[in-house]
Trainee: 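If you scroll down you'll find the structure; I have some questions about it.
Since the model is a prediction, treat every value here as computed from it, not as a measurement. Every heavy atom of this structure was used, including side-chain atoms; hydrogens, water molecules and symmetry mates were not.
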Amino acid sequence: MDIMDVGRALGQRPFQATPRSVADWLAVNYVNTKGGAFDYNTAIVTTHDAFRGLHTLQSAVDFCKTHGNPKGREQNASAIAAVMPYALEHKSVCHRIGLTAVAVGRFSGRTVYAKIKAPLMRIEGSEAFVVMPGYRMGYRPLDIEIDFACSVALETFAQDDRGAADFEYLFAGPSPQSSKLRMFQAIRGKDRFRFSEDQINRLLDSS
């Protein structure tokens, strides 16, 4: 499961979550459900190159329309089109971050892992950001869910010489006006609630 879905399972009041409430959410949303037909990996790869100044808007869209799972090419192209104006304005030095999974508890006798998709750290001037994409159109995350997922990513990746980094959530999902329209918003941790390491460990223990 995705770390954002862990935030969804914890609910709007995460510190009141219990193993039972998390398990009930998983039972409804994960057990006996099929995975998605495509992913946004192509748009994520393109995002990394876009911040480095290696794409124009058109070349980024064209790349997404010709690479990856054909079932998701239009969706990937739509996501990168939403992100590109921001990326073009914030050219950065970028470092790739690999996919990481953290254990978040046990369910039906098996250990449950959450994957953290924070594919890059970008450095713009004196600021550094662990960047997380939010490109899915099927759900608009709540503020507390974004804050939790990004705080976990920051605790995981912003270590040692990365310790001063902030998180940056690139939301390119459904608009409040219509679930069929995509909107963009860059959300930075300095403007948000940040879960501490102790709080994160407590919440992961509760799941």
Side-chain angles (χ1 to χ4, degrees), residues 1-8 35-102 113-124 127-141 145-158 162 165-175 179 181-189 192:
M1 60 188 301
D2 189 275
I3 193 63
M4 183 63 74
D5 291 325
V6 176
R8 294 174 65 188
F38 67 93
D39 56 41
Y40 282 97
N41 289 342
T42 306
I44 290 170
V45 169
T46 310
T47 299
H48 173 268
D49 291 339
F51 274 113
R52 297 169 62 210
L54 301 182
H55 274 296
T56 64
L57 171 59
Q58 190 60 54
S59 70
V61 170
D62 288 345
F63 183 85
C64 288
K65 285 186 175 181
T66 55
H67 292 76
N69 188 333
K71 293 181 179 179
R73 287 179 180 176
E74 289 299 325
Q75 292 88 338
N76 275 264
S78 174
I80 200 63
V83 174
M84 278 303 297
Y86 181 78
L88 291 171
E89 291 179 6
H90 295 273
K91 187 175 179 180
S92 306
V93 175
C94 297
H95 303 282
R96 292 188 186 277
I97 300 175
L99 177 67
T100 297
V102 294
Y113 289 89
K115 64 179 180 289
I116 304 174
K117 279 191 176 181
L120 67 118
M121 172 174 281
R122 71 177 189 90
I123 301 169
E124 181 183 1
E127 297 182 297
F129 303 94
V130 173
V131 179
M132 288 189 69
Y135 298 167
R136 291 190 294 185
M137 285 293 284
Y139 177 74
R140 182 178 175 85
E145 295 164 0
I146 294 172
D147 295 345
F148 172 75
C150 291
S151 294
V152 174
L154 204 58
E155 282 297 324
T156 303
F157 298 121
R162 300 173 174 175
D166 195 3
F167 72 68
E168 183 176 56
Y169 184 73
L170 302 180
F171 177 77
S175 162
S179 61
L181 297 177
R182 196 182 291 272
M183 64 166 285
F184 176 77
Q185 182 181 8
I187 299 170
R188 295 184 176 182
R192 314 282 294 197

Trainee: For residues R122 and E168, determine if any side-chain heavy atom of one lies less than 4.5 Å from a side-chain heavy atom of the other.
Mentor: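 R122 vs E168: side chains touch.
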
Trainee: Assess whether side-chain contact (heavy atoms from CB on, under 4.5 Å) is satisfied between I123 and F129, documenting all intermediate values.
Mentor: CA-CA 6 Å; I123 301 169; F129 303 94; over 6 Å; no

Trainee: Quick check: closest heavy atoms across A82 and A172, and the distance to 0.1 Å?
Mentor: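 Looks like CB-CB, 4.2 Å.
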
Trainee: Got a second to check how far L54's CG is from T46's OG1, nearest 0.5 Å?
Mentor: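 The distance works out to 11.0 Å.
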
Trainee: Report yes if the side chains of K91 and R52 come closer than 4.5 Å at any heavy-atom pair, otherwise no.
Mentor: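 When only atoms from C-beta onward are counted, R52 and K91 do not touch, as no gap falls below 4.5 Å.
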
Trainee: Determine the minimum heavy-atom distance between A165 and M121, stating which atoms define it.
Mentor: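 Closest approach of A165 to M121: CB-CE, 3.7 Å.
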
Trainee: How far apart are the closest heavy atoms of H55 and A60, and which atoms are they?
Mentor: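 Nearest heavy atoms, H55 then A60: ND1-N, 3.5 Å.
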
Trainee: Compare every heavy atom of A153 with every heavy atom of M132, then report the nearest pair and how far apart it is.
Mentor: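 Nearest pair, atom of M132 first, then A153: SD-CB, 3.5 Å.
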
Trainee: Is any side-chain heavy atom of F51 closer than 4.5 Å to a side-chain heavy atom of L170?
Mentor: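 Contact flag for F51/L170 side chains = yes.
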
Trainee: State the CZ-OG distance between R140 and S179, to the nearest 0.5 angstrom.
Mentor: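 Taking CZ in R140 and OG in S179, the distance rounds to 11.5 Å.
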
Trainee: Among D2, T100, N41, which residue meets the side-chain hydrogen bond (donor to acceptor under 3.5 Å, both in side chains) test with K117?
Mentor: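 For K117, the side-chain hydrogen bond (donor to acceptor under 3.5 Å, both in side chains) test succeeds with only one of D2, T100, N41, which is N41.
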
Trainee: How long is the gap from CD on E127 to OG on S92, to the nearest 0.5 Å?
Mentor: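 Rounded to the nearest 0.5 Å, the CD-OG separation comes to 10.0 Å.
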
Trainee: Using side-chain heavy atoms (C-beta onward) and a distance below 4.5 Å, is K115 in contact with I3?
Mentor: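 No, too far: nothing below the 4.5 Å cut-off.
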
Trainee: D5: which residues meet the salt bridge (Lys or Arg N to Asp or Glu O under 4.0 Å) condition with it, sequence neighbours left out?
Mentor: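 Once residues adjacent in sequence are excluded, the partners of D5 under the salt bridge (Lys or Arg N to Asp or Glu O under 4.0 Å) criterion are R8, R136.
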
Trainee: Do P133 and I44 have side chains that get closer than 4.5 Å, going by heavy atoms?
Mentor: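 Heavy-atom side-chain distance check passes, below 4.5 Å.
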
Trainee: Considering all heavy atoms of both residues, which atom of I80 and which atom of C64 are nearest to each other, and what is their separation?
Mentor: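 Closest approach of I80 to C64: CG2-SG, 3.7 Å.
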
Trainee: Go through the steps for M137 and Y40 under the test side-chain contact (heavy atoms from CB on, under 4.5 Å), then give the verdict.
Mentor: CA-CA 11 Å; M137 285 293 284; Y40 282 97; 4.1 Å; yes

Trainee: Taking side chain to side chain donor-acceptor pair (under 3.5 Å) as the cut-off, I'd like each qualifying pair that reaches into residues 64-80, sequence neighbours left out, listed once.
Mentor: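 Counting only pairs at least two positions apart or across chains, the side chain to side chain donor-acceptor pair (under 3.5 Å) contacts touching residues 64-80 are S78-R182.
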
Trainee: Are F184 and Y86 an aromatic pair by the rule of ring centers under 6.0 Å?
Mentor: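 Ring centres of Y86 and F184 closer than 6.0 Å.
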
Trainee: Can you tell if the side chain of F171 reaches within under 4.5 Å of the side chain of P141, non-hydrogen atoms only?
Mentor: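 Yes, their side chains come closer than 4.5 Å.
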
Trainee: F63 versus D49: any side-chain heavy-atom pair under 4.5 Å?
Mentor: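 No, side chains not in contact.
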
Trainee: A side-chain contact here means heavy atoms from C-beta on lying under 4.5 Å apart; do L120 and I97 qualify?
Mentor: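 Contact flag for L120/I97 side chains = no.
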
Trainee: Decide yes or no on side-chain contact (heavy atoms from CB on, under 4.5 Å) for F167 and R192, but give the supporting numbers first.
Mentor: CA-CA 10 Å; F167 72 68; R192 314 282 294 197; 4.2 Å; yes

Trainee: Any chance you could lay out the side-chain contact (heavy atoms from CB on, under 4.5 Å) test for M4 and I146, step after step, and finish with the verdict?
Mentor: CA-CA 7 Å; M4 183 63 74; I146 294 172; 4.2 Å; yes

